[in-house]
A.B. asks: 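Would you mind keeping the following structure in view while I ask a few things?
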Amino acid sequence: MAEQTLDKPVFGLDIGSYTIKAAQVKYHGERAELYAASIVDMPDPKMTLSKKNRQGLIESIKKSVALSKPHTIDTKYVASALPESKAYSDIITLPQMEEEELKTAVPFEATKHMPLTLEESYIDFTVIETTKDKKIKILVVGAPRELVDFYREIIRAAGLELISLEIKPIAAARALLSPEMENQAILILDIGANNASITVFYKGNIVVASTVFSGGEAYVSAAAKELKISQEEALKMSEIAAHSEEKKERILRVLFPLFDDLVTKVQKAISFHASKNLKKPELDKILLTGGGAITPGFQEYIEQNVGVKTVVADPFINLKGEVVEKIPQAEVPAIATAVGLALKK
Ligand SMILES: Nc1ncnc2c1ncn2[C@@H]1O[C@H](COP(=O)(O)OP(=O)(O)OP(=O)(O)O)[C@@H](O)[C@H]1O
Ligand SMILES: [Mg+2]
């Protein structure tokens, strides 16, 4: 979670509720190129990380390595991430002290604000800055020990080794924020299958993070029901909408009410950011990512109803190379978090 240097080559593994995404980059000097990527279905959607289908999950992780293209992932070291809804993060203030003392003081202080006890959690921290009155501001991230151990264990059972674990939006930001965006206030909206995460970044730090427990799956179901087609066929609703104006209208009519909940939560996050009295109280841009980002009408609806410039983000903005062009267009938004994990140095 802290931006430490990893001494081993890693690949990024993003275990979602719908698919598992893997990505590996190779460096040519400072420049990273995508070396391998894959998207593999979860054995049992919705059973994410539940212990019920442990074997299926292990097989899917193995597949994500074996089926990666255009190369096979060639490292066993994994950088992965937890959904922000499962982790806790906060900025705490402590009097100045030695590094060694911090190691006991920070967890002790952090658990006062956390829903878990010290025994039930793993805690990681980074010193952000020392204030004028000699106090230190520290970013603390805590995660349930049971969940972290489960990640480590299934990854090990797949023949791999977990060496870095952070929270998903931080990884996504590494892929999606270009150097020009580093001084801006940017909201990243990740539309997954069953979760949508809303995160505001200012100067690369998280200012606001929240989760809505619905996403692309609800959109696909609504479209399938309206058009009386299967879920599988409804996954292609972008193409359907592009070919038939009549069907497009029907799809949008059922989808718009579903987007409203998200619009409200995005507005809340924006107000919360504004209330923090940072130098930039207004957002520069909203970046859409995750498999649901290309849902018909979504980008326009968010832009119009929130009133902030909104674009589908490019997860390859910090990469170079032709591998990038070979990834099917519909799969591009889903791979962002895995690419960001792969970029962890
Ligand atoms: N070809 C496609 N065209 C349009 N939308 C798609 C396509 N494939 C997937 N989706 C949408 O993407 C969603 C899955 O997105 P993603 O892969 O980011 O989810 P996830 O990361 O597995 O889930 P979560 O983040 O909720 O755990 C699906 O529910 C569907 O709505
Ligand atoms: Mg996801």
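For ligands, and for the atoms within them, numbers begin at 1 and follow the listed sequence.
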A.B. asks: Numbering the atoms of ligand 1 from 1, which are under 4.0 Å from a heavy atom of G290?
C.D. replies: 18 (O)

A.B. asks: Could you say whether the N/O atoms of G216 and ligand 1 ever approach to under 3.5 Å?
C.D. replies: yes

A.B. asks: Could you tell me whether the side chain of T75 and the main chain of P9 form a donor-acceptor pair under 3.5 Å?
C.D. replies: yes

A.B. asks: Verify, without hydrogens or angle tests, whether Q267 (side chain) and N305 (backbone) share a donor-acceptor contact under 3.5 angstrom.
C.D. replies: yes

A.B. asks: Just going by heavy-atom distances, which of F213, F298, Y18, Y219 is nearest to atom 28 (C) of ligand 1?
C.D. replies: Y18

A.B. asks: Under 4.0 Å from a heavy atom of G16: which atoms of ligand 1 are those, numbered in the order shown and with their elements?
C.D. replies: 20 (P), 21 (O), 22 (O), 27 (O)

A.B. asks: My understanding is that we take every heavy atom of each candidate and find the minimum distance to atom 24 (P) of ligand 1. Doing that for S238, S197, S17, which one comes out nearest?
C.D. replies: S17

A.B. asks: List every atom of ligand 1 that sits less than 4.0 Å from any heavy atom of N194, numbering the atoms from 1 in the order shown and giving each element.
C.D. replies: 26 (O)

A.B. asks: Below 4.0 Å from ligand 1: does a non-hydrogen atom of K168 turn up there or not?
C.D. replies: no

A.B. asks: With a 3.5 Å distance limit and no angle check, can you tell me whether Q299 reaches the backbone of L288 through a side-chain donor-acceptor pair?
C.D. replies: no

A.B. asks: Not counting sequence neighbours, which residues clear salt bridge (charged side-chain N to carboxylate O under 4.0 Å, His left out) with K309? List them please.
C.D. replies: none

A.B. asks: When you measure from the side chain of S80 to the backbone of D14, do you find a donor-acceptor pair of N or O atoms at a distance under 3.5 Å?
C.D. replies: no

A.B. asks: Assigning hydrophobic clusters by single linkage (Ile, Leu, Val, Met, Phe, Trp, Tyr; side-chain heavy-atom cutoff under 4.5 Å), is L341 placed with I327?
C.D. replies: no

A.B. asks: Of A223, A234, G291, which has the heavy atom at the shortest distance from atom 5 (N) of ligand 1?
C.D. replies: G291

A.B. asks: Can you tell me if G292 has a non-hydrogen atom under 4.0 Å from ligand 1?
C.D. replies: yes

A.B. asks: N/O to N/O below 3.5 Å, does that happen between D190 and ligand 1?
C.D. replies: no

A.B. asks: Is a donor on one side and an acceptor on the other found under 3.5 Å between the side chain of E84 and the backbone of I167?
C.D. replies: no

A.B. asks: Is a donor on one side and an acceptor on the other found under 3.5 Å between the side chain of T111 and the backbone of P107?
C.D. replies: yes

A.B. asks: Taking only heavy atoms of T19 into account, list the atoms of ligand 1 that are under 4.0 Å away from them.
C.D. replies: 17 (O), 22 (O)

A.B. asks: Using modelled atom types only, decide if a donor and an acceptor are shared between the side chain of R54 and the backbone of I154 within a distance under 3.5 Å.
C.D. replies: no

A.B. asks: Within ligand 1, which atoms have a heavy atom of A330 less than 4.0 Å away?
C.D. replies: 1 (N)

A.B. asks: For ligand 1, does K21 get within less than 4.0 Å through its side chain, its backbone, both, or neither, judged by non-hydrogen atoms?
C.D. replies: side chain

A.B. asks: Relative to the heavy atoms of V220, which atoms of ligand 1 are at a distance of less than 4.0 Å?
C.D. replies: 30 (C), 31 (O)

A.B. asks: Going by an N to O cut-off under 4.0 Å, is there a salt bridge joining R250 and E246?
C.D. replies: yes

A.B. asks: Please list, in number order, the atoms of ligand 1 under 4.0 Å from a heavy atom of E217.
C.D. replies: 29 (O), 31 (O)

